[in-house]
There are 2 protein chains.
Amino acid sequence: MALFADLEHEDFELIHKPILEISKFSGETLYNQGEEGQYLYTIRSGVVKLTQYLPDGGQRIVRLLRQGDIVGLETLVSPVYEHFATVLRDAELCQIPRDVVERLNKETPRLHSQLLSRWHVAVQRADEWLTELSTGSSKSRVARLVIGLSDKNDQTCHLFSREDLGAILGVTTETTSRIIAEFKRDGALKDKGKNHFWADLERLETIANQNN
Amino acid sequence: MALFADLEHEDFELIHKPILEISKFSGETLYNQGEEGQYLYTIRSGVVKLTQYLPDGGQRIVRLLRQGDIVGLETLVSPVYEHFATVLRDAELCQIPRDVVERLNKETPRLHSQLLSRWHVAVQRADEWLTELSTGSSKSRVARLVIGLSDKNDQTCHLFSREDLGAILGVTTETTSRIIAEFKRDGALKDKGKNHFWADLERLETIANQNN
DNA sequence: AGCGGGCATTGCGAAATATCAATTTGATCT
DNA sequence: AGATCAAATTGATATTTCGCAATGCCCGCT
């Protein structure tokens, strides 16, 4: 498990509570905003979204987490979870009691740098999200998102529901749908069924970088 | 200095390099994105903005930092600065060599929790920025920004140039200007000169939470 | 007080996006 | 295959935001 990569044999003896492996299906919830944070999770496979709500009912997906990422890192610093964590694509997770990490963090220095760099990555991603997915025309933003979701090796890409994509980008479901449909008509995306596409990354890159 | 609040007397003997106090005027730069990160800064007074650029030339202010905040935290984890840091309102800063913090972090545990919580705050702010300032109509977003910049005690508020406000919100300068001018006409803001306003926080709150 | 220069504001037409209401498509179940 | 249901797409129209140019205003300078 990546979070514990630097730990050594003796460190693990400090773990007195069980670390469970759990499976969650798409749509299931890991935790809700405001709940007392008991666990953090590392993702072995699948995708988890973190959502925040506004008083006016508006919602925004603020991050996507995937293999190797940690869900609920904030429990180490804050008493409650700060987002809604929902599974977007069937996931295998390790559920780690918060005090296990706290204890390890206190008693061994080997976790410190891991934790710092996890936080760093979270900030980096948040900043990227802001500059890439919340700046520019919705067409550019959709293009950037698709690129970000693409597997660069085989030029392939799994998308999510138009509603979720919209909540990631801060635009409506319909706008997202129209743009993706347009990409399909233009050949920038080729539908392979089940929200699985072949992506013309070069063309998408062009669209991402033009400001109109 | 808040970052070192938990340190004790002996810890400071680990500091072998000088910590400078520096003043910067509005418009001056602390560092550029991609530069090797030598220093981090704590803010004693004033405001600093962190900006990121897109390949297409788009720009976005991703964070505002003020008294007590740390600028350039990422140098502890990454070799280069990840933003452009520019002074937005005349500032007094403490310039701390990066290896001072690294050394302290290695040799005393008293800095660890400070650093973790600093990162945590950075992520929280980034998420707020996204949900509050990048979601909803531009009118709501301007309202939320003004509220965020207000002093809740005296219902007063210093704004920045319309251009900067626009870069914070991801809208054009003109749109920002129009909305603020409208707030002034409606009495939600009352001009006191020099971008200093009296703010009707209740009314702004209402505008912030209506989705149209 | 008068002069400049940089912002801020405003007007107007164009473009982008939202909104609401159909259709169409696609996957699943029987 | 047919039925069914949810999601995606499309159409038509309303609103919002942009983009550009013109104008106005504030502030510091002399």
Side-chain angles (χ1 to χ4, degrees), chain A residues 25-27 54 56-60 88-90 133-146 157-186 188-197 207-208 210-212, chain B residues 25-27 56-60 88-90 133-143 145-146 157-186 188-197 207-208 210-212:
Chain A
F25 292 109
S26 181
L54 286 168
D56 72 340
Q59 96 180 63
R60 191 78 193 255
L88 255 192
R89 196 174 293 146
D90 296 356
L133 303 182
S134 309
T135 308
S137 73
S138 45
K139 199 161 147 184
S140 301
R141 286 162 41 205
V142 173
R144 292 191 201 112
L145 177 53
V146 172
C157 149
H158 284 283
L159 296 184
F160 305 108
S161 78
R162 303 298 172 266
E163 190 180 353
D164 281 326
L165 296 178
I168 290 172
L169 298 168
V171 298
T172 59
T173 307
E174 293 94 327
T175 299
T176 314
S177 176
R178 274 183 243 272
I179 294 171
I180 288 178
E182 185 189 335
F183 285 173
K184 287 197 279 187
R185 278 189 296 269
D186 295 353
L189 286 177
K190 213 165 272 172
D191 202 326
K192 306 173 76 165
K194 291 246 188 195
N195 263 330
H196 191 240
F197 295 85
I207 296 169
Q210 69 196 174
N211 52 350
N212 63 44
Chain B
F25 293 109
S26 182
D56 71 340
Q59 98 180 65
R60 191 77 193 257
L88 211 43
R89 195 175 293 147
D90 296 357
L133 303 182
S134 310
T135 307
S137 73
S138 45
K139 198 163 151 185
S140 301
R141 298 189 353 229
V142 173
L145 177 54
V146 172
C157 149
H158 285 283
L159 295 184
F160 305 107
S161 77
R162 304 297 171 266
E163 190 181 351
D164 281 327
L165 297 178
I168 289 172
L169 297 169
V171 299
T172 58
T173 306
E174 294 94 327
T175 299
T176 313
S177 176
R178 274 183 247 268
I179 293 170
I180 289 177
E182 186 189 334
F183 286 172
K184 287 197 277 187
R185 278 189 296 270
D186 295 353
L189 286 177
K190 212 166 273 172
D191 202 325
K192 306 172 78 166
K194 293 244 188 198
N195 262 330
H196 191 240
F197 296 86
I207 296 168
Q210 69 196 175
N211 53 349
N212 62 46

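Here is the naming used below: chain letters follow the sequence lines, and residue numbers restart at 1 for every chain. Treat the numbers as computed from the prediction; the structure is a model and nothing was measured.
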Q: For the pair Leu54(A) and Arg60(A), evaluate side chain to side chain contact (heavy atoms under 4.5 Å, CB included) and give the outcome as yes or no after the intermediate values.
A: CA-CA 8 Å; Leu54(A) 286 168; Arg60(A) 191 78 193 255; over 6 Å; no
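Side-chain N/O atoms of Lys184(A) include one lying less than 4.0 angstrom from OP1 or OP2 on dT9(D). Side-chain nitrogen and oxygen atoms of Thr175(B) include at least one within less than 4.0 Å of the OP1 or OP2 phosphate oxygen of dC18(D). Contact check, Thr172(B) against dG19(D): no side-chain N or O comes under 4.0 Å of OP1 or OP2. In this structure, Ser138(B) reaches the dT17(D) phosphate: one of its side-chain N or O atoms is under 4.0 Å from OP1 or OP2.
Residue Ile180(B) contributes atom CD1, which lies 14 Å from atom P of dT17(D) at whole-angstrom precision. Computed from coordinates, the Asp186(A) CG to dT9(D) C1' distance equals 15 Å when rounded to whole Å. Following rounding to the nearest Å, Gln210(A) (CD) and dA15(C) (P) show an atom-to-atom distance of 15 Å. When the C1' atom of dT9(C) is taken as reference, atom CG of Asn195(B) falls 13 Å away, rounded to whole Å.
Here the CG atom belonging to Asp164(A) is positioned 10.0 Å from the OG1 atom belonging to Thr176(A), to the nearest 0.5 angstrom. Atom CD1 of Ile168(A) is separated from atom CG of Leu145(A) by 5.0 Å, given to the nearest 0.5 angstrom. In this structure, Phe160(A) CZ and Leu88(A) CG are separated by 5.0 Å, a value rounded to the nearest 0.5 Å.
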For nucleotides 23-28 of chain C, tabulate all protein N/O to nucleotide N/O atom pairs closer than 3.5 Å, reporting atom names and distance.
from    : atom 1 : to        : atom 2 : distance (Å)
dT28(C) : OP1    : Lys194(A) : NZ     : 3.2

At a cut-off of 3.5 Å, list every protein nitrogen or oxygen paired with a nitrogen or oxygen from nucleotides 10-14 of chain D, distance to 0.1 Å.
from    : atom 1 : to        : atom 2 : distance (Å)
dT10(D) : OP1    : Arg185(A) : NH1    : 3.0
dT10(D) : OP2    : Arg185(A) : NH1    : 2.7
dG11(D) : N7     : Arg178(A) : NH1    : 3.0
dG11(D) : O6     : Arg178(A) : NH2    : 2.9
dA12(D) : N6     : Arg178(A) : NH2    : 3.4

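Here the side chain of Arg89(A) pairs no donor or acceptor atom with the backbone of Ser26(A) at under 3.5 angstrom.
Looking at heavy atoms from C-beta onward, Leu189(A) lies in side-chain contact with Ile180(A) at the 4.5 angstrom threshold. Counting heavy atoms from C-beta on, the side chains of Ser140(A) and Asp56(B) never come closer than 4.5 Å. Counting only heavy atoms from C-beta outward, the side chains of Glu174(B) and Arg178(B) approach each other to under 4.5 Å. In this structure, Ile179(A) and Arg162(A) have side chains that are not in contact, with every pair of non-hydrogen atoms separated by 4.5 Å or more.
The local environment of CD in Glu182(A) is crowded, with over 12 non-hydrogen atoms from other residues, nucleotides or ligands closer than 6.0 Å. Summarising the local packing, NZ of Lys184(A) is surrounded by more than 12 heavy atoms from other residues, nucleotides or ligands at distances under 6.0 Å.
Contact check of residues 158-170 of chain A against DNA chain C (heavy atom, cut-off under 4.0 Å) returns no residues at all.
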